[in-house]
Amino acid sequence: MNRRKALITGINGQDGSYLAEFLLAKDYEVHGIVRRVALEDPEHRLDRILPIRSKLALHTGSLESLSSLYRIVRLVNPDECYHLAAQSFVGHSFEDEFSTLNTNINGTHNMLAAIRDAAPECRFYFAGSSEMFGRAEEVPQTERTRFHPRSAYGISKVAGFELTRNYREGYGLHASSGLFFNHESPRRAREFVTRKITSGVAAIVAGKQKELRLGNLEAYRDWGYAPDFVEAMWLMVNRKEPDDFVIATGETHSVREFAEMAFKIAGLNYLDHVAMDRALYRPAEVDQLRGDYEKARRQLGWRPKTSFESLVQLMVESDLRAAGIERT
Ligand code: G4F
């Protein structure tokens with residue numbers, strides 16, 4: 001039997017790399033779209049997929065270019081497409097609203113149009129975000145909670161979500177969106193607060209850094225473990241009917257709690273090292289996110305497997321190891 005073919009945008013991101021490993025383990029033929037500059041500098045730009053690179057088929061293309069995406073989709077003729085690529089750092093979206101909106105909205109639109117025209121039987125997954133709820137009017141947030149995004153990033157994800165829904169309803173595409181709450185791992189980029197904290201802890205233990213400057217410590221997030229979450233993408237795509245699902249842990253913790261626990265795991269008191277920096281506050285903050293994954297539990301049989309404590313621990317330990325600190 002022919003192997004099923006999956007095409008992933010953002011394959012070298014945290015989620016893309018875990019998803020590629022997940023699909024390879026299921027014997028998929030895995031294709032990824034990367035920028036040309038990434039192939040020229042794979043050690044740095046393809047770092048997360050270097051161990052599996054020989055098992056992947058990589059294609060150069062740009063989300064901004066419908067024709068390049070159309071060409072790749074026609075060539076690969078995938079059974080499943082996971083659209084994960086985006087400008088995903090909310091903080092940066094305040095500095096450059098225009099490129100965030102352009103890349104994220106047009107990128108999603110171009111992918112959907114390429115699939116519709118070149119491979120209409122291909123099943124499509126869109127990486128939606130809990131940032132779409134923004135100043136949420138209810139806690140926990142469900143698939144029925146109204147969107148009130150608080151950043152260009154959140155707005156771009158609402159637009160991508162609506163485009164995906166419209167291609168499903170208008171053109172009959174098997175297109176689903178995951179409303180993913182924050183999901184972290186040792187592969188998280190250091191600009192996001194969890195990894196900034198755990199890599200900061202390791203640098204402090206290694207004596208390379210004295211303090212860690214953070215912004216709003218009172219923001220609450222529903223933090224899960226990325227490898228648990230990518231499985232939900234696959235479950236959605238392989239469901240008979242396309243639909244949208246909240247994927248979350250159902251627990252919420254503050255940035256302060258994350259920092260306190262991360263420092264404690266390394267035997268330190270966060271109060272001795274964390275400095276608050278007003279410059280790191282966002283012009284509009286999302287104060288509290290907590291997702292209700294009941295629909296995913298009932299209809300996909302999905303549930304998170306990794307607790308908040310285990311997540312913080314595995315991230316701290318990974319950064320300590322990377323800093324050359326062996327613990328007993
Ligand atoms: O780690 P963050 O930058 O993640 P954020 O903004 O919640 O977004 C992440 O999760 C979304 C899912 O809901 C994704 F869609 C999105 O792509 C991304 O992966 O910030 C978390 C919180 C914020 O409230 C921020 O204000 O941490 C607060 N924070 C406090 N100090 C900080 C810092 N965030 C960062 N990045 N750096 C700080 O120093």
Side-chain angles (χ1 to χ4, degrees), residues 10 13-16 18 83-95 100 103-104 107-108 126-136 139-141 145 147-161 177-185 187-201 203 209 211-226 229-230 232-233 246-249 251-260 262 270 273-291 293 308 311-312 315:
Q14 168 189 260
D15 294 2
Y18 283 123
H83 176 45
L84 313 183
Q87 191 300 94
S88 64
F89 183 36
V90 177
H92 178 68
S93 80
F94 288 104
E95 285 151 30
T100 300
T103 305
N104 293 2
T108 304
F126 170 66
S129 161
S130 54
E131 283 296 303
M132 291 154 58
F133 295 118
R135 182 186 273 171
V139 181
Q141 293 88 41
T145 303
F147 298 141
H148 185 146
R150 300 265 285 167
S151 62
Y153 172 82
I155 293 167
S156 75
K157 287 290 176 179
V158 172
F161 174 87
S177 292
L179 297 159
F180 272 35
F181 283 62
N182 298 49
H183 43 291
E184 318 292 315
S185 77
R187 295 187 195 172
R188 198 52 149 149
R190 287 181 173 79
E191 60 198 354
F192 297 95
V193 78
T194 55
R195 187 75 200 291
K196 180 173 173 181
I197 293 170
T198 61
S199 61
V201 165
Q209 192 174 313
E211 72 168 15
L212 179 64
R213 302 190 80 76
L214 294 174
N216 183 7
L217 296 178
E218 308 312 328
Y220 280 77
R221 289 291 182 277
D222 179 332
W223 277 299
Y225 183 41
F229 279 39
V230 296
M233 300 176 185
V246 161
I247 300 298
T249 72
E251 269 186 40
T252 189
H253 296 273
S254 65
V255 173
R256 181 186 298 281
E257 285 167 36
F258 192 106
E260 187 175 1
Y270 81 105
H273 300 281
V274 170
M276 248 179 56
D277 186 343
R278 283 264 154 203
L280 294 170
Y281 274 57
R282 295 175 180 172
E285 178 63 279
V286 170
D287 296 319
Q288 194 188 24
L289 291 173
R290 179 160 78 83
Y293 66 89
F308 176 70
L311 172 67
V312 182
M315 289 181 69

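Read the numbers this way: they start at 1 and go in the same order the structure lists the ligands and their atoms. Only a predicted model underlies this, so the values are computations on that prediction, with no experimental measurement involved.
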Audit row: Thr198, Phe258, side chain to side chain contact (heavy atoms under 4.5 Å, CB included) steps and yes/no: CA-CA 9 Å; Thr198 61; Phe258 192 106; 3.8 Å; yes
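Below 4.0 Å from some heavy atom of Tyr153 lie the following atoms of ligand 1, by number and element: 14 (C), 15 (F), 16 (C), 17 (O). Those atoms of ligand 1 with a heavy atom of Phe89 less than 4.0 angstrom away are 3 (O), 36 (N). Applying the 4.0 Å criterion to heavy atoms of Ala219 picks out, from ligand 1, the atoms 24 (O).
Of all protein heavy atoms, the one closest to atom 2 (P) of ligand 1 is Arg282 NH2, 3.7 Å. For atom 23 (C) of ligand 1, the closest non-hydrogen atom on the protein side is Arg221 NH2, 3.5 Å. Protein heavy atom closest to atom 39 (O) of ligand 1, with residue, atom name and distance, is Lys196 NZ, 2.7 Å. The protein heavy atom nearest to atom 8 (O) of ligand 1 is Val90 CG2, 3.5 Å. Protein heavy atom closest to atom 26 (O) of ligand 1, with residue, atom name and distance, is Glu285 OE2, 2.6 Å. Here the heavy atom of the protein found nearest to atom 11 (C) of ligand 1 is Ser129 OG, 3.8 Å. For atom 36 (N) of ligand 1, the nearest non-hydrogen atom of the protein is Glu191 O, 2.8 Å.
Of the candidates Asp15, Val286, Val193, Leu289, the one placing a heavy atom closest to atom 29 (N) of ligand 1 is Val193. For atom 28 (C) of ligand 1, the nearest non-hydrogen atom from the set Thr194, Val255, Asn182 belongs to Val255.
The pair Arg221-Glu131 meets the salt-bridge criterion, with a side-chain N (NZ, NE, NH1 or NH2) lying under 4.0 Å from an Asp/Glu carboxylate O. Salt bridge annotation for Arg150-Glu285: absent, with no cationic side-chain nitrogen under 4.0 angstrom from a carboxylate oxygen.
Put simply, part of Arg188 is less than 4.0 Å from ligand 1, judged by heavy atoms. The shell of residues lying under 4.0 angstrom from ligand 1, judged by heavy atoms, excludes Tyr281.
Side-chain polar atoms of His92 and Thr100 form no donor-acceptor pair below 3.5 angstrom.
Checking only distances, Gly215 does come within under 3.5 Å of ligand 1, N or O to N or O. Inclusion of Ser130 in the set of residues having an N or O under 3.5 Å from an N or O of ligand 1 is warranted.
Annotation: side chain of Val255 is in contact with side chain of Trp223 (closest heavy-atom distance under 4.5 Å). Side-chain contact between Met233 and Asp15: present, with at least one pair of heavy atoms (C-beta onward) separated by less than 4.5 Å.
Contacts with ligand 1 closer than 4.0 Å are made by heavy atoms of both the backbone and the side chain of Ser88.
A donor-acceptor contact shorter than 3.5 Å links the side chain of Gln141 to the backbone of Arg290. With hydrogens and angles disregarded, no donor-acceptor distance shorter than 3.5 Å links the side chain of Asp222 to the backbone of Ala248.
The number of heavy atoms from other shown groups lying within 6.0 Å of CZ (Arg135) does not exceed 12.
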